[in-house]
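Below, chain A is the first sequence line, B the second, and so on; all start at residue 1.
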Amino acid sequence: MKNFIKKIIDNDIKNGLSINKLKFRFSPEPNGFLHIGHIKSLYINFKLSKIYNSKINLRFDDTNPNNINKYYVNNIIKDIKWLGFKYNKICYTSNYFNILYKWAIKLIKLKKAYIQKFKNNKIYNIYNIKKNIYIFKNMKIGKYNENTYVLRAKINMKSKNFYLNDPIMYRIIKKPHFRTNNKWYIYPTYDWAHGQSDYIEKITHSLCSIEFQNHKLLYNWFIKNIYNKKFNKIIPKQIEFSRLNIIDSITSKRKLKILKKKKIIKNYYDPRLCTISSFKKKGYKPNFLINFIKKIGYSKRENNISINKLDIEIKKKLINKSNKLMVIINPIKITIINYPKNKIKWIKLNNNKKIPFTKKIYIEKKDFKKNKSKNFFRLNKINYVRLKYSFIIKLYKIKKKKIYCKIYNKNKINKYKIKSTIQWISNKYFKYINILFYKYIYFKKNKIINLNTIKKKKALSDITINNIKNNKIYQFHRIGFFYLYKKNFFKKILLFKKKKKK
RNA sequence: AGACUCGUUGUGUAAUGGUAGCACAUCAGAUUUUGGUUCUGAUAGUUAAGGUUCAAAUCCUUACGAGUCUACCA
């Protein structure tokens with residue numbers, strides 16, 4: 001891996017940072033499910049920890065009890081485990097509420113933090129240290145209502161950087177926290193909690209997405225002002241990279257919540273989403289997602305990536321490796337006129353299984369065209385067509401809307417005249433299967449695209465399906481890849497794109 | 001409007017001031033019992049102008065364009 005993040009770290013090592021001290025962290029807020037964008041952050045952090053053989057924490061940024069809950073914590077842990085990333089320790093920002101509180105008092109005493117009071121639509125700044133501490137302690141134990149007091153850092157109200165305009169460190173939130181319960185009635189803001197948590201955990205490089213770059217000055221200011229040599233010598237460094245921006249799916253929690261609110265999706269396992277939980281359920285393997293993330297790389301540039309790129313990576317993984325089935329989604333029946341009526345010929349497949357060939361068979365509707373047309377290589381009056389694993393046929397006649405074909409001896413036909421091979425199924429020996437098709441939901445200019453796109457379709461499969469296993473991925477000949485999630489029920493993984501050929 | 005950040009073929013990403021490379025996409029040819037696959041080749045790029053330098057994608061200045069933020073969310 002060569003990129004700007006590694007360069008920064010290597011440079012720090014060159015300048016005296018001990019390589020043994022390197023430590024990273026993945027720090028989600030437990031307010032939703034992880035999605036494909038989080039894998040970008042996961043991958044870079046875990047990859048770096050692997051390269052440098054350094055420690056890495058999973059830290060839940062649980063500062064705001066209004067947003068978070070334990071359900072999300074458990075789900076995030078499950079998803080990370082499924083992806084195969086191994087961290088050293090699970091941490092919670094809420095573990096540090098005590099020490100953050102102590103540091104806040106220290107800043108008050110240093111006149112670097114002060115209480116602001118709101119009463120009758122008026123704002124009062126309180127600068128007396130004793131008064132500040134008295135109010136702050138009462139805020140903590142729940143003596144005041146929400147929106148009456150805040151604790152602000154005293155930096156520079158005149159700064160053009162908004163984040164340095166005396167940012168809020170604590171606000172009153174009268175809601176129990178799933179870990180600390182009713183112990184606290186004040187909660188630290190992101191800016192006051194995050195860098196300090198990094199400092200407490202001795203994180204050396206704190207990677208985050210680009211929207212936090214505005215916070216960097218503040219991040220550094222807080223750490224500078226609570227820095228204590230005896231406590232920890234290492235000053236963490238915030239490094240930003242651009243977030244994954246998928247143009248044709250959703251990675252924004254806000255948008256996911258809109259979909260749930262509008263009851264378009266029931267939960268975050270919906271196959272039209274790109275949450276990790278959804279991918280898991282659709283039969284994707286972790287390495288599909290990780291390969292995709294590897295390919296897109298890291299930078300600070302705004303990027304626009306199509307979720308198609310994921311399909312490309314998956315195709316590479318699966319192609320020529322999956323078990324195959326012949327499946328017909330929209331069948332039409334054809335009759336072979338020069339094949340005996342009751343004869344069953346057992347045709348050997350590549351995997352040594354056998355399927356029966358009979359006088360009447362089904363083929364895909366799209367593989368037949370009555371009239372000749374340019375660039376159509378499949379069944380019509382002119383083309384010789386190979387039935388996969390089997391005979392060469394050509395359209396003989398159409399009578400009373402019934403299609404009659406004739407088998408030709410393959411030795412008598414020029415090899416190059418056979419331009420296509422299609423799948424087929426005996427009309428007597430087949431199995432019904434169910435397939436779920438869906439597309440990703442996304443937003444375009446705040447409009448939701450691809451609604452109601454889960455389609456259930458019945459299809460016909462060859463009889464080798466009797467012996468296949470659930471929870472595996474199968475390739476449907478010429479259609480795509482599908483995941484068998486219960487007996488005779490498949491979910492789409494990807495469809496083959498058809499290319500035009502002259 | 002300001003603050004911060006970023007501009008490299010269509011897309012994504014490399015190039016420590018010294019040959020602008022790679023992947024995907026696209027197009028062509030070959031291969032093929034999947035219009036799939038595989039192989040070969042081609043097209044195409046440093047936002048612009050100026051400066052520093054023997055030498056600039058890289059450093060500096062200006063312009064232009066894009067993004068993020070301007071919350072008691074993270």
Side-chain angles (χ1 to χ4, degrees), chain A residues 1-4 7 10-11 14 27-32 61-64 66-68 93 116 118 146-152 159-165 167-173 186-194 208-218 240-245 247 253-254 292 294-306 308-309 311-313 315-316 318-321 324 326 350 366-367 375-378 385-392 410 415-416 418-423 475-481 495-502:
Chain A
M1 180 167 59
K2 278 183 190 176
N3 68 36
F4 73 103
K7 266 183 211 162
D10 286 340
N11 204 41
K14 224 177 174 179
S27 176
E29 186 189 18
N31 70 341
D61 218 345
D62 56 348
T63 51
N64 188 342
N66 286 321
N67 297 343
I68 56 173
T93 304
Q116 192 168 60
F118 304 89
E146 292 190 7
N147 305 314
T148 53
Y149 293 94
V150 291
L151 183 73
R152 303 185 72 145
S159 170
K160 281 177 180 174
N161 184 326
F162 164 82
Y163 290 94
L164 299 181
N165 298 158
I168 287 165
M169 295 166 66
Y170 279 98
R171 70 283 207 208
I172 299 169
I173 299 175
I186 52 169
Y187 290 92
T189 56
Y190 166 84
D191 287 307
W192 172 238
H194 200 92
C208 62
S209 53
I210 205 102
E211 64 261 36
F212 291 103
Q213 63 195 3
N214 297 337
H215 299 244
K216 195 170 191 167
L217 282 174
L218 181 54
E240 310 88 6
F241 59 88
S242 68
R243 56 186 298 156
L244 175 59
N245 190 18
I247 49 175
K253 276 176 188 163
R254 190 180 58 83
F292 164 73
K294 274 186 196 168
K295 283 284 169 197
I296 58 169
Y298 293 83
S299 72
K300 291 183 108 162
R301 288 173 65 175
E302 179 71 7
N303 54 72
N304 295 308
I305 291 162
S306 168
N308 262 333
K309 204 148 192 169
D311 282 358
I312 291 162
E313 291 309 310
K315 196 152 89 180
K316 277 186 196 164
L318 293 179
I319 203 85
N320 298 333
K321 284 177 195 163
K324 292 172 178 61
M326 288 206 285
N350 285 349
K366 280 181 189 165
D367 289 338
N375 296 333
F376 185 78
F377 309 144
R378 287 157 283 166
V385 167
R386 179 180 281 113
L387 296 171
K388 179 78 182 171
Y389 309 116
S390 175
F391 300 105
I392 291 158
K410 78 175 168 190
K415 189 182 161 190
Y416 299 103
I418 306 161
K419 277 194 169 176
S420 86
T421 302
I422 62 174
Q423 73 272 36
Q475 185 183 343
F476 293 176
H477 192 24
R478 294 176 62 233
I479 299 174
F481 294 106
L495 299 174
F496 291 138
K497 264 189 186 172
K498 275 176 186 165
K499 277 184 187 175
K500 278 186 183 175
K501 208 175 177 184
K502 282 168 197 171

For nucleotides 69-71 of chain B, which of its nitrogen or oxygen atoms have a protein nitrogen or oxygen under 3.5 Å away, and what is each distance?
from	atom 1	to	atom 2	distance (Å)
B/C69	O4'	A/N214	ND2	3.1
B/C69	O2'	A/Y163	OH	2.5

Polar atom pairs (N or O), protein with nucleotides 43-47 of chain B, under 3.5 Å:
none

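Between B/C27 and B/U68, the distance separating the two C1' atoms is 38 Å to the nearest Å. Separating the P atom of B/G50 from that of B/U58 is a span of 14 Å, rounded to the nearest Å. Look at the C1' atom in both B/C39 and B/C4: the space between them is 49 Å, to the nearest Å. Going from the P atom of B/C72 to that of B/U62 covers 34 Å, rounded to whole Å. When the P atom is used for both B/U13 and B/A56, the distance is 26 Å, rounded to whole Å. B/U43 and B/U38 have their C1' atoms separated by 22 Å, given to the nearest Å. B/A25 sits 8 Å from B/U37 when the P atoms are compared, rounded to a whole Å.
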5'-to-3' dot-bracket of RNA chain B (Watson-Crick, G-U; under 3.5 angstrom; crossing pairs as [ ]; | other strand): (((((((..((((....[..)))).(((((.......)))))....(((((..]....))))))))))))....

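Side-chain nitrogen and oxygen atoms of A/R478 include at least one within less than 4.0 Å of the OP1 or OP2 phosphate oxygen of B/G35. Contact check, A/S242 against B/C6: no side-chain N or O comes under 4.0 Å of OP1 or OP2.
Of all nucleotides listed (B/U13, B/G35, B/U33), B/U13 comes nearest to the side chain of A/S299. Here the side chain of A/N3 is nearest to one of B/A14, B/U37, B/C72, namely B/A14. For A/K324, taking side-chain heavy atoms from C-beta onward, the closest of the listed nucleotides B/U34, B/U37, B/C72 is B/U34. When each of B/U34, B/G2, B/C72 is scored by its nearest atom to the side-chain atoms of A/K160, the top-ranked nucleotide is B/G2. In the set B/G12, B/G35, B/A3, B/G12 carries the atom at the smallest distance from any side-chain atom of A/I305. For A/K300, whose side chain is taken as the heavy atoms from C-beta onward, the closest listed nucleotide among B/U16, B/C6, B/U34 is B/C6. Of the candidate nucleotides B/A14, B/U34, B/A74, B/A74 has the atom lying nearest to any side-chain atom of A/T189. Listed candidates were B/A74, B/A3, B/U33. Nearest to the side chain of A/Y190 is B/A74. Closest to the side chain of A/I312, from the set B/A25, B/A23, B/A3, is B/A25.
With hydrogens and angles left out, the side-chain atoms of A/N350 and A/K324 include no donor and acceptor closer than 3.5 Å. For the 3.5 Å distance criterion, the side chains of A/N304 and A/N245 qualify, holding a donor opposite an acceptor.
Pairing each heavy atom of A/R152 with each of A/N165, the nearest pair is NH2-O, 3.2 Å. Summarising the geometry of A/F118 relative to A/N147, their closest heavy-atom pair is CB-O, 3.9 Å, with the distance given to 0.1 Å. The minimum heavy-atom distance between A/I418 and A/V385, with the atom names listed, is CG2-C, 4.4 Å.
Relative ring orientation between A/F481 and A/F496 is described as perpendicular, the plane-to-plane angle rising above 60° on a 0-90° scale split at 30° and 60°.
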